[in-house]
Amino acid sequence: VEMERPLGVTFAPAKDGTIRVGELIKGGAAARESAKAQVDPTIRDRTMQVGDCLRCFSAISLAVPAKASLVGDLEGTVRRAELFGTTNQPWARVAQALRSGDPGDGPVTLVLERPGPGSVLEEWQEQTAEGKGEEVPVQVNIVWLLSGLTFL
């Protein structure tokens with residue numbers, strides 16, 4: 001599925017370790033596409049639905065030269081799209097990658113799997129934060145702190 005940003009989708013980690021489409025936000029791009037699919041069944045397979053498994057997506061990353069962190073010179077910094085796989089990734093990392101783009105970065109490509117009837121993936125439950133036990137690593141907080149200080 002290829003969609004413009006903002007997607008208008010809430011993704012949620014499931015207890016089985018997959019990342020699921022949890023909600024299509026009313027008025028968002030995904031909800032509009034889903035409404036079209038209700039009228040035109042030929043496009044149903046190219047739209048997302050609640051419960052679909054997110055397998056990978058295009059994420060935006062910054063390639064920052066080493067001198068940028070030392071002297072604040074951002075020359076040579078490049079924004080690039082990369083394919084981010086969600087299999088065996090912690091939810092915090094997937095969520096960070098999902099937030100990585102801006103509308104000016106162009107469309108997002110999402111690879112989704114729709115569980116078929118009788119599939120073990122058909123039934124799913126959202127993973128709660130308490131049950132997962134994930135926290136933001138201290139190293140990540142320190143990196144954000146140091147990044148912020150370089151701009152002061």
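Residues passing the side chain to side chain contact (heavy atoms under 4.5 Å, CB included) test with Asn88, sequence neighbours excluded: none. Applying the side chain to side chain donor-acceptor pair (under 3.5 Å) rule to Arg99 yields no partners; only residues at least two apart in sequence or on another chain are considered. For Thr87, there are no side chain to side chain donor-acceptor pair (under 3.5 Å) partners, not counting sequence neighbours. Listed by chain and number, the residues in a side chain to side chain donor-acceptor pair (under 3.5 Å) with Ser34 amount to none (sequence neighbours excluded). Not counting sequence neighbours, Asp45 has no partner by the salt bridge (Lys or Arg N to Asp or Glu O under 4.0 Å) test.
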Please tabulate, for the side chains in residues 49-66, all donor-acceptor contacts under 3.5 angstrom to protein atoms that are two or more places apart in sequence or on a different chain.
unit_1	atom_1	unit_2	atom_2	d
Asp52	OD1	Arg114	NE	2.9
Asp52	OD2	Gln49	N	2.9
Asp52	OD2	Arg114	NH2	2.9
Arg55	NE	Glu113	OE1	2.8
Arg55	NH2	Glu113	OE1	2.6
Ser58	OG	Thr109	N	2.9
Ser61	OG	Glu82	OE1	3.4
Ser61	OG	Glu82	OE2	3.4

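The two atoms that bring Arg44 and Ala37 nearest to each other are NE-O, 3.3 Å, heavy atoms only. A pairwise comparison of heavy atoms in Gly101 and Arg5 identifies CA-NH1, 3.3 Å as the closest pair. Across every non-hydrogen atom of Ala31 and Gly27, the tightest pair is CB-N, 4.2 Å. In plain terms, the two heavy atoms of Phe11 and Trp91 that are nearest each other are O-CH2, 3.5 Å. Annotation for Ala30 and Leu24: closest pair CB-CD2, 3.7 Å, computed over non-hydrogen atoms. Shown here for Met3 and Leu110, the closest heavy-atom pair between the two residues is SD-CD1, 4.4 Å.
Contact check for Val94 versus Phe84: side-chain heavy atoms found under the 4.5 Å cut-off. Annotation: side chain of Val9 is in contact with side chain of Met48 (closest heavy-atom distance under 4.5 Å).
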Next on the checklist: side-chain contact (heavy atoms from CB on, under 4.5 Å) for Arg79 and Asp102? Distances and angles first, verdict last.
Outcome noted: CA-CA 11 Å; Arg79 290 177 72 86; Asp102 295 320; 3.5 Å; yes
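To the nearest 0.5 Å, the span separating OG1 on Thr42 from NZ on Lys36 amounts to 12.0 Å. Atom CG of Asp105 is separated from atom CZ of Arg80 by 13.5 Å, given to the nearest 0.5 angstrom. The CG atom of Asp40 sits 10.5 Å away from the CD atom of Glu33 when rounded to the nearest 0.5 Å.
Shown here is Gln38, whose CD atom has more than 12 heavy atoms of other residues, nucleotides or ligands within 6.0 Å.
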